[in-house]
Enquirer: 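One structure, pasted below without further comment.
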There are 2 protein chains.
Amino acid sequence: MDKREFKDKIYSVLSGLVKAMANPHRLEIIDLLGQAERSVEDIAKETGMSVANTSQHLQVLKQSNLVRVKRNGNFILYGLANDSVYKSWRDLREIGMGSLAEVEKIVREFRTKKNSLEPIRIDELISRMNSSNIILLDVRPHLEYKAGHIPNAVNIPIDQLLSRIGELKKSKQYIAYCRGPFCVFADEAVQLLTQKGFKVKRLEEGYPDWKLKFLVEDVSSGKIITNG
Amino acid sequence: MDKREFKDKIYSVLSGLVKAMANPHRLEIIDLLGQAERSVEDIAKETGMSVANTSQHLQVLKQSNLVRVKRNGNFILYGLANDSVYKSWRDLREIGMGSLAEVEKIVREFRTKKNSLEPIRIDELISRMNSSNIILLDVRPHLEYKAGHIPNAVNIPIDQLLSRIGELKKSKQYIAYCRGPFCVFADEAVQLLTQKGFKVKRLEEGYPDWKLKFLVEDVSSGKIITNG
DNA sequence: CAACTATTCAATAATTATATTGAATAGTTG
DNA sequence: CAACTATTCAATATAATTATTGAATAGTTG
């Protein structure tokens, strides 16, 4: 094996990995699976794809070891293979937000309508979390909340928010969070609660980003190791 | 703009960014430009592509803001847009090394022939760097060394190594490094120097990885900020 | 400003990726 | 073990990506 052959092989195998992420549906799947495991049918419904097409995309992700498979009764559950996968997605997402003007524009346009511009960022949240006046609102579906959430967050799924609005107090400062910067549940929560006279902001990032904060990056290998 | 339309737009734009990286030649170009700026002709020669094809791939990278352009006399120099680009490449590379058995196998096979298995990792290097017995050997072309190198490293480009072997001492422990884990200069150096009876190992990572160590990651935004 | 040179563009052919449909499969549950 | 159900597969048509060739362009230098 000469030098050129070696490089051709390496870059070609690695580009296969990148190609596996290089599709809008597959990015959405990765983003979604960052919250919790899900069945194929579930993923299809959530992303608006056909089941067959979803399955095909999941096969692509599986072939590159980006997702892993588990059976639960009649259902097959897909989940991210490890935290590095979400971390890579987060980094690519951030490169995009930082250098592709179009991404920032689409997000700003959407949030303007929802009154959810000026979100607070995760670091600010962490430094203000001890304040007794702040209440964290996890507006994701209960299943995702159950799979993991920010400590002390109250779970009111977005579609129950209106009917359970009596549980909230106008004196508090609410921070609504959901799946991540492209999840609209928190924007919808801000829109609704602002309308009803509550003090509320959205968290820019989502639960998986909060979770990554509490992993220690072994920088020498680039791998991620659970802390505790 | 409804929820589905918003998501379709976002994931589609971001997948464009990932697609721009999702090609073996473009990964090699990113890897190469991590060392120093280069002209199109230069990149073409280094990667074994035609100039027209190289130019086409560079256009793709440029459209996604992964590279930036600068003119120098008759030449146009391409460089990485920022350190985040190399960081993403590094992370993807590491996911691949960790979870695609094939990558690890190709690398091991190649290094076995060069006697350069058992490389030392960058963290170990940092902790042993003060030892007066260790000498760092940068075996990249002089131009890349000039664009940035690990402090105190001695530059002997691989194609001058044999003729300048008199400059080396058998009592020292040499650490050869080059562009990164897929660069073979360091392997060739280890092969040659081992043969001639010197104590030598290769560094697993390359100069750009060392450089990333000394950037502070602003984890809240995912962006990278130069430290000092 | 003419000649030169590095780079890009345009057109083509070949390959690869994608969505859709409906049939096949495998695994579970009663 | 039969019936059921979630998932995958196979076939197809459409769309996107890639390498190659040779011509066009833009920018610099004498």
Side-chain angles (χ1 to χ4, degrees), chain A residues 4 7-9 11-30 32-33 36-64 66-79 143, chain B residues 4 7-9 11-30 32-33 36-64 66-79 143:
Chain A
R4 190 68 254 157
K7 294 203 170 188
D8 285 349
K9 273 190 194 170
Y11 290 113
S12 141
V13 174
L14 283 172
S15 81
L17 181 79
V18 184
K19 276 190 174 124
M21 298 184 76
N23 172 282
H25 294 306
R26 293 200 290 271
L27 285 184
E28 185 169 6
I29 290 173
I30 289 171
L32 186 61
L33 295 185
E37 298 174 327
R38 280 193 132 79
S39 70
V40 179
E41 213 180 345
D42 225 19
I43 296 168
K45 197 179 292 174
E46 188 79 40
T47 58
M49 287 193 279
S50 74
V51 170
N53 195 17
T54 304
S55 171
Q56 213 165 284
H57 283 298
L58 286 167
Q59 295 308 308
V60 174
L61 292 171
K62 197 170 81 175
Q63 263 164 39
S64 291
L66 292 168
V67 302
R68 59 174 172 55
V69 170
K70 186 168 101 182
R71 186 172 268 271
N72 183 0
N74 260 330
F75 292 87
I76 289 181
L77 295 181
Y78 279 87
L143 201 131
Chain B
R4 190 68 255 156
K7 293 203 170 188
D8 285 350
K9 273 190 194 169
Y11 291 114
S12 140
V13 174
L14 283 172
S15 81
L17 180 80
V18 185
K19 276 190 174 126
M21 299 184 76
N23 172 282
H25 294 308
R26 293 200 288 272
L27 285 184
E28 185 169 5
I29 290 174
I30 290 171
L32 186 61
L33 295 185
E37 299 176 326
R38 280 193 132 78
S39 71
V40 180
E41 213 180 346
D42 225 19
I43 297 168
K45 196 179 292 173
E46 188 78 41
T47 58
M49 287 193 280
S50 74
V51 170
N53 196 16
T54 304
S55 170
Q56 214 164 284
H57 283 298
L58 286 167
Q59 294 309 306
V60 174
L61 292 171
K62 197 170 80 175
Q63 263 163 39
S64 291
L66 291 168
V67 301
R68 59 173 173 54
V69 170
K70 187 167 99 184
R71 186 172 268 270
N72 183 0
N74 260 330
F75 293 87
I76 289 181
L77 295 181
Y78 278 87
L143 201 131

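Here is how names work: the chains are called A, B, and so on, in the same order as the sequence lines, proteins then strands, and each is numbered from 1. These figures come from a predicted structure and were not determined experimentally.
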Enquirer: Would you mind reading off the distance between A/Met49 atom CE and C/dA19 atom C1', rounded to a whole angstrom?
Expert: 11 Å
Enquirer: Are there any protein N/O atoms within less than 3.5 Å of an N/O atom in nucleotides 5-10 of chain C, and if so, which ones and at what distance?
Expert:
| from | atom 1 | to | atom 2 | distance (Å) |
| --- | --- | --- | --- | --- |
| C/dT7 | OP1 | B/Val40 | N | 3.4 |
| C/dT7 | OP1 | B/Ile76 | N | 3.0 |
| C/dT7 | OP1 | B/Ile76 | O | 3.1 |
| C/dT7 | OP2 | B/Glu41 | N | 3.1 |
| C/dT8 | OP1 | B/Gln59 | NE2 | 3.2 |
| C/dT8 | OP1 | B/Tyr78 | OH | 2.6 |
| C/dT8 | OP2 | B/Ser55 | OG | 2.8 |
| C/dT8 | O5' | B/Ser55 | OG | 3.4 |

Enquirer: Just the rounded figure in Å: distance from P of C/dA17 to CG of A/Leu61.
Expert: 14 Å
Enquirer: Would you mind checking if B/Glu28 and B/Arg38 are paired as a salt bridge, meaning a charged N to carboxylate O distance below 4.0 Å?
Expert: no
Enquirer: Any non-hydrogen side-chain atom of A/Met21 less than 4.5 Å from a side-chain atom of A/Ile29?
Expert: no
Enquirer: Atom CG of B/Leu27 to atom P of D/dT18: distance rounded to whole Å?
Expert: 11 Å
Enquirer: Roughly how far, to the nearest 0.5 Å, is the OG1 atom of A/Thr47 from the OH atom of B/Tyr11?
Expert: 10.0 Å
Enquirer: Rounded to whole angstroms, how far apart are NZ on B/Lys70 and C1' on D/dT28?
Expert: 17 Å
Enquirer: Atom CE of B/Met21 to atom P of D/dT18: distance rounded to whole Å?
Expert: 14 Å
Enquirer: Does D/dA19 have OP1 or OP2 under 4.0 Å away from a side-chain N or O of B/His25?
Expert: yes
Enquirer: Quick one: B/Asn23 CG to D/dA16 P, roughly how many Å, whole number?
Expert: 18 Å
Enquirer: Specify the angle, to 10°, made by the local axes at the two ends of the helix from C/dC1-D/dG30 to C/dG30-D/dC1 when five pairs are taken at each end.
Expert: 40°
Enquirer: Testing the basics here: between A/Arg26 and A/Ala20, what is the closest heavy-atom pair and its distance to 0.1 Å?
Expert: NE-O, 2.7 Å
Enquirer: Can you give me every donor-acceptor pair (side chain of residues 67-74 of chain B, partner residue at least two apart or in another chain, under 3.5 Å) with its distance?
Expert:
| from | atom 1 | to | atom 2 | distance (Å) |
| --- | --- | --- | --- | --- |
| B/Arg68 | NH1 | B/Glu37 | OE2 | 3.4 |
| B/Lys70 | NZ | B/Glu37 | OE1 | 3.1 |
| B/Lys70 | NZ | B/Glu37 | OE2 | 3.1 |
| B/Arg71 | NH1 | B/Gly73 | O | 3.3 |

Enquirer: Does B/Leu17 reach the side chain of B/Leu66, with side-chain heavy atoms less than 4.5 Å apart?
Expert: yes
Enquirer: Can you tell me how far NZ of A/Lys7 sits from OG of A/Ser12, rounded to the nearest 0.5 angstrom?
Expert: 14.5 Å
Enquirer: Between A/Arg26 and A/Gly73, just flag the one whose closest nucleotide in DNA chain C comes earlier from the 5' side.
Expert: A/Arg26
Enquirer: Kindly give the heavy-atom pair with the smallest separation between A/Ser15 and B/Ala22, and that separation in Å.
Expert: CB-C, 4.3 Å
Enquirer: Please name the pair of heavy atoms, one in B/Thr54 and one in B/Val40, separated by the smallest distance, quoted to 0.1 Å.
Expert: CG2-O, 3.9 Å
